[in-house]
Amino acid sequence: MDVTDLLLHPVRLRVVHALSGGRVLTTAQLCERMPEVGKVTMYRHVALLAEAGFLDVAEEQRVRGAVERHYRLRQDRPAADADAAAAMSLDDHRRGFAAAMAVLIAEFNAYLDRDGANPVVDAVSYRQGTLWLSPDELAEMSHKLLEVLGPLLANQPEPGRAPYLISRIFFPAEQVPPDEERP
């Protein structure tokens, strides 16, 4: 299974999110975080991610006669890069977008289901708007966003920090008329 196919599944994508920031979790802990995912299903997806080189076993311990593995994301894990995105079919992009939206919905529901969830206090935002951009303006905006977000992506879990899920979604909301074709 290639990287794109592997990550186009909402459960696997949620596992990757859950293990971000250097977190180490067992499959049982992942099941607790995602109670709507069956235990056998979770074990299958974790095994696929481990076999594909996304996860390392951080430690193993015996629990009631079974071996419990603690997983972490590999720093050198495969990535779905620009070449992989370019090789995706339109249906692959549909699947990818659907997986991303399914993850957002599941994670948002998990947040709202937590004791003490308070969208106002937690500065939850899900606004949408339209920007009229040329290809150069879009590229500049993307570059500036990476300048701002890049250093923050290296943050590790520590007291006072909470993980925030951020999604960047850009697509033309309308077809560009032929006389305004992009270069």
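- Between Val15 and Phe54, the closest side-chain pair of non-hydrogen atoms is not below 4.5 Å.
- Ion pairing between Asp56 and Arg77 fails under the 4.0 Å rule for side-chain N and carboxylate O.
- Note on Glu59 versus Arg72: no salt bridge recorded, every NZ/NE/NH1/NH2 to OD/OE distance being 4.0 Å or above.
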*Applying side-chain contact (heavy atoms from CB on, under 4.5 Å), run through Leu104 and Ser167 and close with a yes or a no.*
CA-CA 8 Å; Leu104 280 176; Ser167 294; 3.2 Å; yes
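- Formation of a donor-acceptor pair under 3.5 Å by the Arg161 side chain with backbone atoms of Gln156 is found in this model.
- No more than 12 heavy atoms of other residues, nucleotides or ligands shown are found within 6.0 angstrom of CD on Gln75.
- Side-chain N/O atoms of Tyr111 and Asp122 include a donor and acceptor closer than 3.5 Å.
- With rounding to the nearest 0.5 angstrom, the CZ atom of Arg69 is 12.0 Å from the CG atom of Leu55.
- Side chains of Arg33 and Gln29 form no contact here, defined as non-hydrogen atoms less than 4.5 Å apart.
- The two residues Leu131 and Met141 have their closest heavy-atom pair at CD1-SD, 3.6 Å.
- Counting heavy atoms from C-beta outward, Glu60 and Glu68 have side chains that stay 4.5 Å or more apart.
- Within the 3.5 Å criterion, the main-chain N or O of Gly65 finds a donor-acceptor partner in the side chain of Arg62.
- Residues Val16 and Leu73 come closest through the heavy atom pair O-CD1, 3.6 Å.
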*Going through the checks in order, is the side-chain contact (heavy atoms from CB on, under 4.5 Å) test met by Thr41 and Tyr43?*
CA-CA 6 Å; Thr41 300; Tyr43 274 90; over 6 Å; no
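- Side-chain contact between Glu137 and Trp132: absent, with no pair of heavy atoms (C-beta onward) separated by less than 4.5 Å.
- Note: the hydrophobic cluster containing Leu8 does not contain Met34 (ILVMFWY, side chain heavy atoms under 4.5 Å, direct or indirect links).
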*Take Leu90 and Arg94 through the side-chain contact (heavy atoms from CB on, under 4.5 Å) test and state the conclusion after the steps.*
CA-CA 6 Å; Leu90 294 180; Arg94 278 187 185 90; 3.9 Å; yes
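- The heavy-atom pair separating Arg74 from Gly53 by the smallest distance is CD-O, 3.0 Å.
- Counting all heavy atoms, side chain and backbone alike, Met42 lies closest to Leu30 at CE-O, 3.8 Å.
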*asked:* Using side-chain contact (heavy atoms from CB on, under 4.5 Å), reason through Val67 and Gln61 one step at a time and then give a plain yes or no.
replied: CA-CA 6 Å; Val67 175; Gln61 63 186 42; over 6 Å; no
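- Contact check for Cys31 versus Thr26: no side-chain heavy atoms found under the 4.5 Å cut-off.
- Phe108 and Leu13 are assigned to two separate hydrophobic clusters, defined by single-linkage of ILVMFWY side chains at heavy-atom distances under 4.5 Å.
- To the nearest 0.5 Å, atom CG of residue Asp5 and atom CZ of residue Arg95 are 5.0 Å apart.
- Under a hydrophobic-cluster definition in which Ile, Leu, Val, Met, Phe, Trp and Tyr are linked whenever side-chain heavy atoms come within less than 4.5 Å, directly or via other members, Leu48 and Leu19 are assigned to the same cluster.
- Using a 4.5 Å heavy-atom threshold, the side chains of Ser142 and Arg168 count as touching.
- Rounding to the nearest 0.5 Å places CG of Asp115 at 13.0 Å from CG of Asn118.
- When all heavy atoms of Arg23 and Pro157 are compared, the closest pair comes out as CG-CG, 4.2 Å.
- Between the CD atom in Glu32 and the CG atom in Leu25 there is a gap of 9.5 Å [rounded to 0.5 Å].
- Rounding to the nearest 0.5 angstrom, the gap separating the OG atom in Ser20 from the CG atom in Leu153 is 9.5 Å.
- Put simply, Leu49 and Val57 are part of the same group of oily side chains (I, L, V, M, F, W, Y) that touch within less than 4.5 Å, one to the next.
- Side-chain contact between Asp92 and Ser89: present, with at least one pair of heavy atoms (C-beta onward) separated by less than 4.5 Å.
- The two atoms that bring Arg12 and His45 nearest to each other are NH1-ND1, 2.9 Å, heavy atoms only.
- More than 12 heavy-atom neighbours from other residues, nucleotides or ligands sit within 6.0 angstrom of CZ on Phe170.
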